[in-house]
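These notes concern the structure reproduced below.
So that the names make sense, note that chain A is the first sequence line, chain B the second, and so on, each numbered from 1.
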Amino acid sequence: MKLIFAGTPVFSVKSLEAIFRAGYEIDAVLTMPDKPQGRKQTLLPSPVKEAALRLGLPVLQPVRLREELSALADRGADLMVTCAYGQILTREVLELFPLGVWNVHASLLPAYRGAAPIARAILDGCSETGITIMKTDVGLDTGDIFLQERIPILRSDTCGSLSERLSASGAKLIVEALGKISRGEEILRAQGEGTKCGKVVRTAVDFSRSAREVSALIRALSPAPLAYAVCDGREYNLFFAEETEGSGACGEILAASRREGGLIVACGEGAVQITELQPAGGKRMSAADFLNGNKLQKGMRFDQPVL
RNA sequence: CGCGGGGUAGAGCAGCCAGGUAGCUCGUCGGGCUCAUAACCCGGAGGUCGCACGUUCGAAUCGUGCCCCCGCAA
């Protein structure tokens, strides 16, 4: 069984490595073209490309997959595995693989089809999410479900930490799936009605929301694209905040010292303790380190975002 | 030439504009207090002030050049 792996971000790397380690013949790895990153606009390879090169696998980076059909077809793979690849597959692509195209998706489909299922699940305050291995069809994450694993969402989870566990789960499940497929044991079930989620963007924290929602927003967008807040003309990226006791005007800093319990900000309902942040121009640091610099004082207020 | 912040002790910062003894919070080490402590008190160690050149009696501070880090935007 010869297969092609398609993936792009770090989330996909564990699946690629697991499939490789399980001994499957990976004919080529598809990933998005190198993109200019950062201030210097330097061209950077995707995490999957780096992993593929490390494993000595051939890498293909078509800008538009549907324009490289013949090249793909020539490789004669039996099956394709996709995992956050970044391109919608057309019917012509799907038809190239006799054993089908299988996708690793980071949600319990049919919930959270689409771009940012992990962040959305945290944002919505879900207590669990999971991984679905599905047989890709022409719709957006609408294919029949093959395998699923539920993963709890912890109060301490950020999109980053949850992604790591989901990524590991996905790697385990896709290997399991390939085993069953190679033995002709796949049993599928249709999804039915589902929900779609769009990608998440950098967002200003609205401290008039409840502490639960503020914490969820901050954790859902961490470590990227991040929630932020402005105080005293300076912007702060927020990496982590948990709900805590406290009340005051929305956005008011209720405490800004270790003695008083850290950096605590009043929300519309309750308060949050911010434990990791990054001032504009500065580095990411713990609230304890940040407070040593005395930039924010009790009584100051974070700006209310213009809605 | 996209906009902007920054490099001072292990960490986070002040000092720079108006040159003249290296400062704060924390950590660390030692001692004390306490049933005890992440609490409190006392004391100590620890810094080529990013690099180079220049101005000056004297530069963290002023001037020139360079290196590096970071936020936004793309």
Side-chain angles (χ1 to χ4, degrees), chain A residues 8-11 31-50 61-64 84-88 114-116 119 122-123 155-156 158-161 163 198-207 214-215 217-246 251-265 271-307:
Chain A
T8 298
V10 280
F11 178 81
T31 191
M32 292 296 271
D34 296 3
K35 278 185 181 168
Q37 294 285 321
R39 272 177 302 278
K40 302 292 182 191
Q41 292 290 285
T42 40
L43 226 51
L44 287 180
S46 73
V48 163
K49 178 178 180 178
E50 289 185 331
Q61 300 180 274
V63 176
R64 293 180 194 287
Y85 171 44
Q87 294 197 40
I88 305 289
I122 295 177
L123 196 51
R155 309 272 279 201
S156 58
T158 61
C159 188
S161 65
S163 291
K199 67 176 188 179
V200 291
V201 298
R202 179 178 163 79
T203 306
V205 174
D206 177 359
F207 284 104
V214 169
S215 166
L217 173 73
I218 290 170
R219 290 181 292 111
L221 300 187
S222 176
L226 291 171
Y228 69 97
V230 178
C231 184
D232 199 25
R234 200 165 187 204
E235 201 165 292
Y236 298 89
N237 282 333
L238 307 178
F239 286 83
F240 194 87
E242 58 197 57
E243 293 175 62
T244 187
E245 304 285 307
E252 180 185 353
I253 295 173
L254 301 176
S257 72
R258 194 183 56 168
R259 278 180 55 171
E260 295 174 303
L263 180 57
I264 297 176
V265 183
V272 291
Q273 177 181 7
I274 296 167
T275 55
E276 198 168 9
L277 71 166
Q278 175 181 40
K283 292 183 177 177
R284 172 178 178 173
M285 66 187 86
S286 68
D289 277 347
F290 175 73
L291 291 174
N292 280 333
N294 274 320
K295 286 294 190 188
L296 295 180
Q297 305 289 334
K298 178 152 82 169
M300 295 170 81
R301 272 187 84 173
F302 280 101
D303 297 354
Q304 189 61 19
V306 185
L307 301 176

inquiry  = Using atom P in both nucleotides, what's the gap between B:rG23 and B:rG43 to the nearest angstrom?
reply    = 15 Å
query = Taking side chain as C-beta onward, heavy atoms only, is A:D232 less than 4.5 Å from A:K295?
reply = no
task = For A:D289, answer base if it contacts any base atom (sugar-phosphate contacts may also be present), sugar-phosphate if it contacts only those atoms, and nothing otherwise; contact means non-hydrogen atoms under 4.0 Å.
result = sugar-phosphate
ask   = Choosing from B:rG71, B:rC13, B:rG27, which nucleotide comes nearest the side chain of A:R258?
value = B:rG27
task = Starting from the 5' end of RNA chain B, give me the residue, A:P36 or A:R259, whose nearest nucleotide shows up first.
result = A:R259
query = Which listed nucleotide (B:rC69, B:rC72, B:rA11) is nearest to the side chain of A:K283?
reply = B:rC69
inquiry  = Work out how far the P atom of B:rG58 is from that of B:rG15, and round it to whole angstrom.
reply    = 26 Å
message = Going by purine N1 to pyrimidine N3 plus the second Watson-Crick contact, or the G-U wobble pair, all under 3.5 Å, which nucleotide sits opposite B:rG2?
response = B:rC72
ask   = Which one is paired to B:rC33, where only Watson-Crick or G-U wobble pairs with both distances under 3.5 angstrom count?
value = none
task = For A:Q278 and B:rC70, give me the distance from atom CD to atom C1', rounded to whole Å.
result = 7 Å
ask   = If we take the P atom in both B:rC49 and B:rA59, what is their distance in whole Å?
value = 11 Å
inquiry  = How many whole angstroms separate atom CG of A:D232 from atom P of B:rG71?
reply    = 21 Å
query = A:K295 NZ to B:rG5 P: how many Å, rounded?
reply = 13 Å
request  = Look up atom OH in A:Y236 and atom CG in A:L296, then write down how far apart they are to the nearest 0.5 Å.
outcome  = 4.0 Å
A:R284 CZ - B:rC72 P separation (whole Å) = 13 Å
message = Counting C-beta onward and ignoring hydrogens, is there a side-chain heavy-atom pair between A:V205 and A:V272 closer than 4.5 Å?
response = no
ask   = Using the P atom in both, what is the distance from B:rC72 to B:rA60, to the nearest Å?
value = 34 Å
query = For B:rG63, which nucleotide is its Watson-Crick or G-U wobble mate, given both distances must be under 3.5 Å?
reply = B:rC53
key: Approximate separation, where rounding is to 0.5 Å, of A:I218 CD1 and A:L123 CG   = 11.5 Å
request  = Could you give the distance separating B:rG50 and B:rU8 at their P atoms, to the nearest angstrom?
outcome  = 6 Å
task = Return no unless some side-chain N or O of A:R202 is found under 4.0 Å from OP1 or OP2 of B:rC72.
result = yes
request  = Mind calculating the distance between CG (A:N292) and C1' (B:rU8) to the nearest angstrom?
outcome  = 16 Å
query = If you measure from CE on A:M300 to CG on A:L254, what distance do you get to the nearest 0.5 Å?
reply = 13.5 Å
request  = Using the P atoms only, state how far B:rU25 lies from B:rC42, rounded to an integer number of Å.
outcome  = 11 Å
remark   = Exactly one candidate in A:D34, A:T31, A:T8 meets side chain to side chain donor-acceptor pair (under 3.5 Å) with A:S46; the answer is A:T31
query = C1' atom, B:rG27 versus B:rG12: distance in rounded Å?
reply = 11 Å
query = Using a cut-off of less than 4.0 Å, is there contact between a side-chain N or O of A:N237 and OP1 or OP2 of B:rC70?
reply = no
inquiry  = In whole Å, measure the gap between the P atoms of B:rG19 and B:rC24 for me.
reply    = 24 Å
request  = Provide, to the nearest angstrom, the distance between the CG atom belonging to A:N294 and the P atom belonging to B:rU25.
outcome  = 9 Å
query = Does any nucleotide pair with B:rA39 by Watson-Crick or G-U wobble geometry, both distances under 3.5 Å, and what is it?
reply = none
query = Can you find a side chain N or O atom of A:R234 that sits less than 4.0 Å from OP1 or OP2 on B:rG6?
reply = no
message = Quick check on A:E260: does its CD atom have over 12 non-hydrogen neighbours (other residues, nucleotides or ligands) under 6.0 Å away?
response = yes
remark   = Under a 3.5 Å limit on both distances, the Watson-Crick or wobble mate of B:rG58 is none
ask   = A:M285 has an atom CE; how far is it from atom P of B:rA11, in whole Å?
value = 12 Å
inquiry  = Tell me the interatomic distance from A:E260, atom CD, to B:rU25, atom P, rounded to whole angstroms.
reply    = 16 Å
